Amino acid sequence: MIKVITYGTYDLFHYGHQRLLERAKDLGDYLIVGVTADDFDKQRGKINVHQSLMERIESVRATGLADEIIIEEYEGQKIDDIKRFDVDIFTVGSDWVGHFDYLKEYCDVVYLPRTEGVSSSDIRSQKRNISLGLVGDGTVLKKFYDESKYVNGIEVTEICIYNDEEKKCYENEDVSIIDDYDRLLGNVDAVFIVSHPSMHYQHIKKALVNDVHVLCESPITLDENQFSELLGLSQKNNLILMESIKTAYSTAYDRLLLLIKGGNIGDVYSVDSTCTSIRQFNENSWNSISAWGPVALLPVFQILGTDYDEKHINSLLLEGKDNFDLFTKIDFKYKNAVASIKVGNSVKSEGELIISGSEGYAYVPAPWWKTDYFELRYENQEENKKYFYQLDGEGIRYELVAFAKSIELGKLIGYVSPEVSKAICKIMEDFENKELNIIKKY
Ligand code: CTP
């Protein structure tokens with residue numbers, strides 16, 4: 001019996017896929033089809049695959065051509081599969097000529113002519129692109145602009161910047177730069193807001209009133225009620241209001257949450273997260289609590305929930321600037337657990353995340369908010385496990401994919417729930433209202 005194996009993403013299954021599978025089947029007696037997992041596609045830079053793994057597997061199954069379907073999850077798996085299934089022929093389309101010659105050591109390699117004129121990418125791009133506007137300042141905007149180029153289905157068409165110096169970064173880019181936010185809102189479907197947090201409420205409200213979807217750098221507002229008002233407005237107008245915390249969209253962080261929720265360290269007793277940096281201040285600087293608070297609070301609220309019994313905010317404030325904290329520490333008391341965050345723009349500490357449980361603990365080394373690696377550790381060290389995941393573009397591109405998909409589906413998908421966003425706004429509000437202990441003024 002001649003065994004044939006082939007691999008593909010098979011997104012939005014089309015005639016080219018069908019023909020490839022038919023000819024692959026004709027090469028032998030038994031056809032194994034490897035369908036690439038979402039994570040693996042992300043690693044290969046294939047972003048915004050439209051269908052889920054299950055849907056793609058179902059399309060392959062429906063052809064009736066595959067005798068066996070497997071999932072391709074990691075680099076180097078092809079060699080393992082060929083040995084494991086005792087494969088005689090590896091085949092793919094001619095777009096890959098030469099690429100898989102290294103497999104000739106294990107089996108025959110056949111490149112079948114690719115069907116002209118059809119591809120998943122073409123089908124995806126035929127759907128109308130979401131035109132995205134950017135507003136705000138700083139390096140985040142440029143990073144976001146660069147990252148948007150990796151994402152299908154969304155295109156940055158206009159940027160509103162007020163600072164002339166920052167406009168220069170876009171001199172060689174094919175994008176219109178303006179300084180009129182109202183005009184921008186008239187030209188785009190969606191907007192990413194990275195203005196100063198004190199401007200968010202105003203910027204978001206204007207966008208929602210003008211029928212524009214919003215992705216806003218966290219914190220969404222500095223006031224809990226304002227957040228509720230904006231959420232209500234977005235729901236009334238069928239628009240997406242999404243919080244931008246890029247860590248939330250990284251694969252490693254997402255897997256970490258699943259493992260913790262799956263009971264892998266037992267009951268959680270404590271979440272401790274630290275995010276610090278030393279930055280130059282200027283007129284537009286964000287204070288420590290708004291710059292770092294949302295990301296530090298994310299694991300606390302996502303693991304222990306937002307219904308804490310008590311909290312204590314301790315801040316070190318800048319002399320003469322009452323709402324500018326150089327460093328803030330917040331302690332939370334829950335029914336059966338505690339948590340703490342340490343954040344600062346003028347302090348350096350070990351930026352780690354530790355989640356302590358009744359059976360073990362999760363350790364995410366600094367800088368944990370750019371997580372691509374973490375460990376689960378136990379009393380018996382032999383049980384310790386290390387987890388690695390690829391992190392491209394600090395999570396920004398995955399965040400953009402989630403935003404585009406939410407707009408397409410007409411509902412916010414996963415990651416940061418409105419409940420967590422609201423709890424973050426409440427912390428900002430309490431800080432603004434000085435419900436805190438001031439340690440000392442510099
Ligand atoms: N294929 C083909 N003819 C096409 C498109 C794909 O023979 N017109 C083959 C590929 O060479 C590969 C398999 O089908 O062996 C699965 O391809 P996949 O990458 O999933 O499909 P594409 O349409 O090429 O996807 P994309 O545009 O995202 O690269």
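Since the structure is predicted, the reported quantities are computational estimates derived from the model, not experimental observations. Start at 1 and go down the list; that is how both ligands and their atoms are numbered.
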Under 4.0 Å between a side-chain nitrogen and a carboxylate oxygen: does that hold for Lys167 and Asp179?
yes
With atoms numbered from 1 as shown, which atoms in ligand 1 lie under 4.0 angstrom from a non-hydrogen atom of Ser120?
21 (O), 22 (P), 23 (O), 25 (O), 26 (P), 27 (O), 28 (O)
With atoms numbered from 1 as shown, which atoms in ligand 1 lie under 4.0 angstrom from a non-hydrogen atom of Tyr10?
16 (C), 20 (O)
Show the nearest heavy-atom pair for residues Glu224 and Lys422, with the distance to one decimal.
OE2-CE, 3.4 Å
List the residues meeting side chain to side chain contact (heavy atoms under 4.5 Å, CB included) with Ser406, not counting sequence neighbours, and say none if there are none.
Ile240, Met242, Leu412, Ile413
If we only count N/O pairs under 3.5 Å, is Thr9 in contact with ligand 1?
yes
Is the closest heavy-atom distance from Arg19 to ligand 1 below 4.0 Å?
no
Under-4.0 Å heavy-atom contact with ligand 1, by part of Leu20 that carries it
side chain
Considering only distance and modelled atom types, tabulate donor-acceptor pairs under 3.5 Å from the side chains of residues 265-272, sequence neighbours left out.
residue : atom : partner : partner atom : Å
Ser270  : OG   : Asp272  : OD2          : 2.7
Asp272  : OD1  : Ser340  : OG           : 2.7

Thr115-ligand 1 polar pair, N/O distance under 3.5 Å
yes
Before you tell me yes or no, could you show the steps for Ser349 and Thr276 under side chain to side chain donor-acceptor pair (under 3.5 Å), namely the whole-Å CA-CA distance, both residues' side-chain angles and the distance that decides it to 0.1 Å?
CA-CA 6 Å; Ser349 183; Thr276 63; 5.4 Å; no
Assess whether a salt bridge exists between Lys149 and Glu173, defined as any Lys/Arg side-chain N lying under 4.0 Å from an Asp/Glu carboxylate O.
yes
Give yes or no for whether the N/O distance cutoff of 3.5 Å, strictly under, is met between Arg23 and ligand 1.
no
Please confirm whether His17 and His14 have ring centers closer than 6.0 angstrom.
yes
Does any N or O of ligand 1 fall below 3.5 Å from an N or O anywhere on His17, backbone included?
yes
Closer than 4.0 Å to some heavy atom of Val118 - which atoms of ligand 1 meet that?
4 (C), 5 (C), 8 (N)
Using a strict 4.0 Å threshold on nitrogen-to-oxygen distance, state whether Asp29 and Lys3 make a salt bridge.
no
So between Val92, Asp95, Val97, whose heavy atom ends up nearest atom 10 (C) of ligand 1?
Asp95
Option nearest atom 15 (O) of ligand 1 (shortest heavy-atom distance, choices Ala24, Ser94, Gly93)
Gly93
Counting from 1, what ligand 1 atoms have a heavy atom of Ser121 closer than 4.0 Å?
26 (P), 27 (O), 28 (O), 29 (O)
What do we get for Glu116 next to ligand 1 when only non-hydrogen atoms under 4.0 Å count, side chain, backbone, both or neither?
neither
Can we say Glu72 and Lys78 salt-bridge, meaning some charged N sits less than 4.0 Å from an Asp/Glu carboxylate O?
yes
